[in-house]
Peer 1: 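Have a look at this one.
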Amino acid sequence: MADEEREAKTVIPKENFSEWYNEVLRRAEIMDVRYPVKGLYVWFPFGLKLRNLIYSILRALLDEEHDEVLFPTLIPRTEFMKEEKHIKGFEDEVFWVTKGGVDELDVPLALRPTSETAIYPMFKVWIRSHADLPLRVYQIVNVFRYETKHTRPLIRLREVTSFKEAHTAHRSWEEAEAQVRKAINIYRAFYDRLAVPYIITKRPDWDKFPGAAYTIAFDTIMPDGRTLQIATIHHLGTNFAKTFDIKYEDIGGEYKYVHQTCYGISERCVAAVIATHGDDHGLVLPPEVAPTQIVIVPIIFSKDERSAAVIETCRSVHAALKNSFRVVLDEGEERPGAKFYKWEMRGVPLRIEIGPRDVSREECTFVRRDTFERFTVPLSNVVSEAEKVLKDVYENIWRRSKEHFASRIFDFCGNERGQGREDEIKECVRRGVVAIFMCGSEECGVEVKERFDADVLGEEVTTCLGDAGERRGCCIICGAEGKRTYIARTY
RNA sequence: GGGGCUGUAGGGUAGCCAGGGAUCCUGCCAGCCCGGGGCGCUGGUGACCGGAGUUCAAAUCUCCGCAGCCCCA
């Protein structure tokens, strides 16, 4: 086989992100895209393990102040149709169950596109007095959207298989707003642990969640420069409380509407981890969520009488590590090189090679997935060194992804920099996110789309890199007072 | 919302225009040989997206459906 062909088989260039993404999902056994319905995909065992490890982080964060609940998948049309703006936002993309067996249903049932209208009728029943507040619950459920556009595994789905949505009710606007801030911190902690960089913005009014007072969103940047929305947080005010008549009796005996929030993350968080860290060899996973954290590969020479000792050493190293790590000893028949590629594709953060040479020197060879750096470690120190390496892998990929992220945010704020540089802005939009001053009107949003071919993410709340300097300036379109606003091509 | 392209073993492909025997690589299974980055050899397994039509004959032509990809708005 020609070197060129072998190379093509071995590595997948990440420059062509779309192709890379599909190829990695298949080869790393995350998802099988061959299910014969548009927008529905199958989780492979390895992908599901990764997913569950990622979710356990979020679960732990939410469990501190939320109770987990589970609501039905089906919502009666009568409840679903109560909130006018909410309906308008979703009616084009709802799947309906209209038949039971051969009979038409009197009241059609919606497959939830989101759960507000399932949960809030029950909130009305649950909430009596101020003592019941704050009420904070979450659930991890599937939601359905009838997407007509091109769907994409983990990113644009007809069935989101694991929407992690929280719903809260409070006594006042301020208390609900404090909850919004808490939610932001929970999601920050979550993405920090995944080493996925983010920008947090307040979505423009015309792009907020249907029925919300306002929406805060997290976006990350994909390798092709487009942004991916990876979390949203909504202050609902009393909009839904009024629709569903959710009231509490305050200390003075007066009945008041509750103020609500809701916030959620879909399986896009898994896509973000894959896309952010992966390279031409496949997945690179943060050790905390890697289904296999360490793989041990024996190097055996059949004519070498030390081979038995090699296997024995591998097994004892495996035994020493398995109490502290998710570790696999690969005793398969493949040649070492094939094993290396296989485990690299699955993103295993640390590989330990043990061969006759290592055994006679009482050491082993460590190879890091993030840097491919190779070095030897005394067998007596394997556990403590592995701990060190995994910690360092996390720190390195977090530093690396933030640097890369920073290099794709282009600042056109301050000193009238934005004006007269439209071609330059347009060029930057093709590569990442652009910060400009904007007034926030929908007219100017439409104009931004036309001039720069970019969507408005929203005004800056903060980013994983900290706050940027200048926050107020003249709108790049109309010249009115504007705020620091991010624009980008979006998924 | 509009337009275009595509669908051949588990994955990647040739064949299609000009109708007749389905090509090659890889994977998988068995056996050998091996092992510090996808070694090599022998044998085996496995496919024309679904349906209808035209025809003596359809992977190939026509229509419908399903699925995927790309472009424009």
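Chain letters run A, B, ... following the sequence lines, proteins first and then strands; every chain starts at 1. Just so it is clear, the model here is predicted, and its values are computed rather than measured.
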Peer 1: Please give the distance between the C1' atoms of B:C71 and B:C28 as a whole number of Å.
Peer 2: 39 Å
Peer 1: Just wondering, more than 12 heavy atoms not from A:Tyr35 lying within 6.0 Å of its OH?
Peer 2: no
Peer 1: Quick one: look up who B:U6 pairs with, Watson-Crick or G-U, both distances under 3.5 Å, and put none if it's unpaired.
Peer 2: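 Base partner found: B:A67.
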Peer 1: If you check every side-chain atom of A:Pro336, which of B:G36, B:G38, B:C70 has the closest atom?
Peer 2: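 My answer, after comparing the listed nucleotides, is B:G36.
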Peer 1: With a cut-off of under 6.0 Å to the ring centre and 45° to the axis, is A:Arg351 in cation-pi contact with A:Trp343?
Peer 2: no
Peer 1: Testing the 3.5 Å rule here: is there a donor-acceptor pair between the side chains of A:Thr365 and A:Asp358?
Peer 2: yes
Peer 1: Does a distance-only test, which skips hydrogens and angles, find a donor-acceptor pair under 3.5 Å between the side chain of A:Thr365 and the base of B:G36?
Peer 2: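 It does, because a donor-acceptor pair links the side chain of A:Thr365 to the base of B:G36 below 3.5 Å.
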Peer 1: Looking only at N and O atoms, is any donor in the side chain of A:Arg351 or the base of B:G37 less than 3.5 Å from an acceptor on the other one?
Peer 2: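 Indeed, a donor on one side and an acceptor on the other fall under 3.5 Å apart.
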Peer 1: So among A:Tyr146, A:Phe80, A:Phe163, which one has a side chain to side chain contact (heavy atoms under 4.5 Å, CB included) with A:Pro113?
Peer 2: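 Filter result, single survivor: A:Phe80.
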Peer 1: Can you tell me the base-pairing partner of B:G38? Count Watson-Crick or G-U wobble geometry only, both distances below 3.5 Å, and say none if there is no partner.
Peer 2: none
Peer 1: Return the pairing partner of B:A22 with a 3.5 Å limit on both distances, Watson-Crick or G-U wobble; otherwise return none.
Peer 2: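 Paired with no nucleotide.
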Peer 1: Is any N or O donor-acceptor pair between the side chain of A:Lys149 and the base of B:G1 shorter than 3.5 Å?
Peer 2: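 Pair found.
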Peer 1: Taking pairing as Watson-Crick or G-U wobble with both contacts under 3.5 Å, can you name the mate of B:U62, or confirm there isn't one?
Peer 2: B:A52
Peer 1: Pick the P atom in B:G11 and in B:G2, then give their distance to the nearest Å.
Peer 2: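 Nearest-Å result for B:G11 against B:G2 at atom P: 32 Å.
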Peer 1: Is there a donor-acceptor contact under 3.5 Å linking the side chains of A:Ser162 and A:Glu267?
Peer 2: yes
Peer 1: Using the P atoms only, state how far B:C34 lies from B:G21, rounded to an integer number of Å.
Peer 2: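 About 44 Å, rounded to a whole number of Å.
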Peer 1: Figure out the CD/P separation between A:Glu29 and B:G11, and round it to whole Å.
Peer 2: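 Taking CD of A:Glu29 and P of B:G11, I get 13 Å after rounding.
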Peer 1: Which nucleotide, if any, forms a Watson-Crick or G-U wobble pair with B:U13, using both distances under 3.5 Å?
Peer 2: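 Because no pair has both required distances under 3.5 Å, B:U13 counts as unpaired.
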Peer 1: Ignoring the backbone of A:Ala338, work out which of B:G38, B:G35, B:G37 is nearest its side chain.
Peer 2: B:G38
Peer 1: May I have the distance from A:His150 (atom NE2) to B:A73 (atom C1'), rounded to whole angstrom?
Peer 2: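 Answer to the nearest Å: 13 Å.
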Peer 1: Could you tell me whether the side chains of A:Ser115 and A:Gln139 share a donor-acceptor contact shorter than 3.5 Å?
Peer 2: yes
Peer 1: Suppose you measure atom P in B:U42 against the same atom in B:U60; what distance do you get, rounded to whole Å?
Peer 2: 35 Å
Peer 1: Rounding to a whole Å, what distance do you find between A:Glu331:CD and B:G35:C1'?
Peer 2: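 Between C1' of B:G35 and CD of A:Glu331: 14 Å.
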Peer 1: With rounding to whole Å, what would you report as the distance between B:U55 and B:A73 at their P atoms?
Peer 2: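 Between the two P atoms, the distance is 46 Å.
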Peer 1: Using the P atom on both, measure B:U8 against B:G15 and round to a whole Å.
Peer 2: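 B:U8 and B:G15 have their P atoms separated by 14 Å.
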Peer 1: Could you check which nucleotide pairs with B:C28 in any of the strands shown, counting Watson-Crick or G-U wobble with both distances under 3.5 Å?
Peer 2: B:G44
Peer 1: Name the closest nucleotide to the A:Arg34 side chain, picking from B:G10, B:G68, B:G37.
Peer 2: B:G10
Peer 1: Heavy atoms from C-beta onward define the side chain here; which of B:G37, B:G1, B:G68 lies closest to that of A:Thr151?
Peer 2: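 Of all the options, the side chain of A:Thr151 is nearest to B:G68.
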Peer 1: Mind checking who B:G1 pairs with, Watson-Crick or G-U wobble, both distances under 3.5 Å?
Peer 2: B:C72
Peer 1: Would you say the side chain of A:Glu353 and the base of B:G37 hold a donor-acceptor pair, judged only by whether the two atoms sit under 3.5 Å apart?
Peer 2: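 Not at all, since no donor on one side and acceptor on the other fall under 3.5 Å apart.
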Peer 1: How far does the P atom of B:A67 sit from the matching atom of B:G53, given to the nearest Å?
Peer 2: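 Roughly 24 Å separates the two P atoms.
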Peer 1: Out of B:G37, B:C34, B:G36, which nucleotide sits closest to the side chain of A:Phe372?
Peer 2: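 Nearest listed nucleotide: B:G37.
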Peer 1: So if I take every side-chain heavy atom of A:Thr148 and compare against B:G1, B:A67, B:G36, which nucleotide ends up nearest?
Peer 2: B:G1
Peer 1: Is there aromatic stacking of A:Tyr341 against B:G38, centre distance under 5.5 Å, plane angle under 30°?
Peer 2: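 Stacking is present between B:G38 and A:Tyr341, given that their ring centres fall under 5.5 Å apart and the planes under 30°.
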Peer 1: Any idea which of B:G35, B:G11, B:G37 is nearest the A:Ser302 side chain?
Peer 2: B:G35
